[in-house]
Amino acid sequence: MQNKTLSRRTFLKIIGASTLALGIAPTMVKAQGEPLRGLVCPIMMYHYISAPPEDAPRTLRDLTVLPENFVQQLDSIRERGYTTITMRDMWAGMQGTIPLPEKPIVLTFDDGYWDAFAHAAPALLERGMTGTFYLVSSFMEQPGYLTWEQARIMHSQGLEIGGHSATHGDMSRQTRETQEEEIISSTSAIEAQIGVRPVSFCYPFGRQTYITREILAEQGYQTAVTTAYATYHTPRTPYRLGRVRIRHTTTLTQFSAILDALH
């Protein structure tokens, strides 16, 4: 059989096809000024960072990561050369308006629980890290949740505050009018209390429709995250970004393996 030398273009096509077939997208981090076609950037999904009550139901326990485990995960992120960014940063980087680190990662925290201020934020700031915290506006100031003053402090420390609706209802089952009220009222509340209009949104239960996405675009949101699994993102679907759920049972070995598999 005659040997043939592959051209560079053919070689890259083969490699690209192979990685896509395996579900692995090549990292395409670029310098400021050049928009990206895609980006490998795990968006980690957290809820509680605290110890669950002894009688916690299964769902609550599943949503809870122990503070000591969270700290180990942060250290694993740093040891593997990742740099934390916010959702706002990720979108700006994909648009080419700011440079992105070689190995970016986003840490997101849903619902605005009290331990975001007591445990998550201090652990991040101690390590020079950042994150995006999604607030449900009607839950603020309620027992078990953040106060607006705490949210303002977190914002002043460089942590991003995003929207998570007004009442945490299933938006896929709501009328356009209800969805508009959920999004607009929560957006206005955050802007009034924090002083900055949120541009990052998190769907309650990860559920949404094309109507939800239209309203977010109309209100100036840049991105919205779901609960679907994904580590590769494109600017074509900014309102359907997947994440990596971190559970109570996620071991450090499992957590580190997720990061190692991406690079």
Side-chain angles (χ1 to χ4, degrees), residues 40-87 89-90 101 103-136 139 143-147 150-151 153-154 157-162 164 168 200 202-206 225-232 241-263:
V40 174
C41 178
I43 303 172
M44 304 308 216
M45 173 173 51
Y46 291 96
H47 289 80
Y48 295 95
I49 306 297
S50 56
E54 290 289 336
D55 59 347
R58 180 178 178 180
T59 300
L60 174 59
R61 183 172 295 275
D62 183 57
L63 296 176
T64 305
V65 173
L66 296 175
E68 55 266 35
N69 291 349
F70 180 63
V71 166
Q72 290 179 342
Q73 291 166 8
L74 296 185
D75 291 340
S76 178
I77 288 171
R78 186 165 55 181
E79 289 166 2
R80 282 161 173 76
Y82 282 85
T83 301
T84 57
I85 61 174
T86 64
M87 290 300 300
D89 293 335
M90 191 184 90
K103 297 171 68 173
I105 186 172
V106 182
L107 307 181
T108 61
F109 303 82
D110 295 8
D111 303 333
Y113 297 114
W114 67 275
D115 53 24
F117 184 81
H119 298 153
L124 290 172
L125 296 172
E126 182 180 344
R127 291 162 177 77
M129 295 179 168
T130 190
T132 297
F133 294 78
Y134 295 112
L135 309 183
V136 181
F139 292 177
Y145 292 89
L146 294 170
T147 66
Q150 289 172 334
I153 293 173
M154 291 168 64
Q157 294 170 327
L159 304 174
E160 181 184 17
I161 302 299
H164 197 23
H168 205 278
S200 306
C202 175
Y203 302 113
F205 311 106
V225 294
T226 67
T227 56
Y229 182 92
T231 56
Y232 178 69
L241 300 176
R243 293 187 287 175
V244 179
R245 182 187 292 272
I246 306 303
R247 303 179 181 275
H248 180 75
T249 55
T250 302
T251 67
L252 182 60
T253 298
Q254 292 171 333
F255 184 91
S256 300
I258 294 171
L259 302 181
D260 290 339
L262 299 177
H263 295 277

Spacing of [X] atom [atom1] and [Y] atom [atom2] [to the nearest 0.5 Å]:
{"X": "Lys103", "Y": "Leu262", "atom1": "NZ", "atom2": "CG", "answer": "9.0 Å"}
{"X": "Phe70", "Y": "Phe255", "atom1": "CZ", "atom2": "CZ", "answer": "8.5 Å"}
{"X": "Asp89", "Y": "Thr130", "atom1": "CG", "atom2": "OG1", "answer": "7.0 Å"}
{"X": "Leu74", "Y": "Glu79", "atom1": "CG", "atom2": "CD", "answer": "11.0 Å"}
{"X": "Ile77", "Y": "Ile105", "atom1": "CD1", "atom2": "CD1", "answer": "4.0 Å"}
{"X": "Leu241", "Y": "Tyr203", "atom1": "CG", "atom2": "OH", "answer": "8.5 Å"}

Contacts of type salt bridge (Lys or Arg N to Asp or Glu O under 4.0 Å), residue Arg80, not counting sequence neighbours: Asp260
Would you name the heavy atoms of [X] and [Y] that are closest together and state the gap between them?
{"X": "Ile258", "Y": "Tyr229", "result": "CG2-OH, 4.4 Å"}
{"X": "Ala230", "Y": "Val244", "result": "O-CG2, 4.0 Å"}
{"X": "Phe205", "Y": "His168", "result": "CE1-O, 3.3 Å"}

Set of side chain to side chain contact (heavy atoms under 4.5 Å, CB included) partners for Glu68, sequence neighbours left out: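 If we apply the side chain to side chain contact (heavy atoms under 4.5 Å, CB included) test to Glu68, skipping adjacent residues, the hits are Leu66.
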Residue list, side chain to side chain contact (heavy atoms under 4.5 Å, CB included) with Glu160, at least two apart or on another chain: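 Expected list: Thr86, Met87, Arg88, Thr132, Val199, Ser200.
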[X]: side-chain hydrogen bond (donor to acceptor under 3.5 Å, both in side chains) partners, not counting sequence neighbours:
{"X": "His119", "answer": "none"}
{"X": "Ser256", "answer": "Ser76"}
{"X": "Asp75", "answer": "Arg78, Arg127"}

Counterpart residues, ring-ring contact (aromatic ring centres under 6.0 Å, His included), relative to Tyr145 (two or more places apart): Tyr113, Phe139
Plane angle bin for His164 and Tyr134 - parallel if under 30°, tilted between 30 and 60°, otherwise perpendicular: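 Tilted: the ring planes of Tyr134 and His164 meet at 30° to 60°.
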Pairs touching residues 243-252 that satisfy salt bridge (Lys or Arg N to Asp or Glu O under 4.0 Å), sequence neighbours left out: Asp62-Arg247, Asp110-Arg243
Thr108, Asn69, Val65, Leu63 screened by side chain to side chain contact (heavy atoms under 4.5 Å, CB included) with Ile246, the one that passes: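 Single pass found, and it is Val65.
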Working for side-chain contact (heavy atoms from CB on, under 4.5 Å), residues His263 and Tyr82: CA-CA 10 Å; His263 295 277; Tyr82 282 85; 3.0 Å; yes
Heavy-atom donor-acceptor pair, Thr64 side chain to His248 backbone, under 3.5 Å: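 Judged by distance alone, no pair lies under 3.5 Å.
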Taking only distance into account, with no hydrogens and no angle test, what donor-acceptor pairs under 3.5 Å do side-chain atoms of residues 40-60 form with protein atoms, sequence neighbours excluded?
| from | atom 1 | to | atom 2 | distance (Å) |
| --- | --- | --- | --- | --- |
| Tyr46 | OH | Gln73 | OE1 | 2.7 |
| Ser50 | OG | Asp115 | OD2 | 2.7 |

Any side-chain heavy-atom pair of Leu135 and Ile161 under 4.5 Å: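 When only atoms from C-beta onward are counted, Ile161 and Leu135 do touch, with a gap below 4.5 Å.
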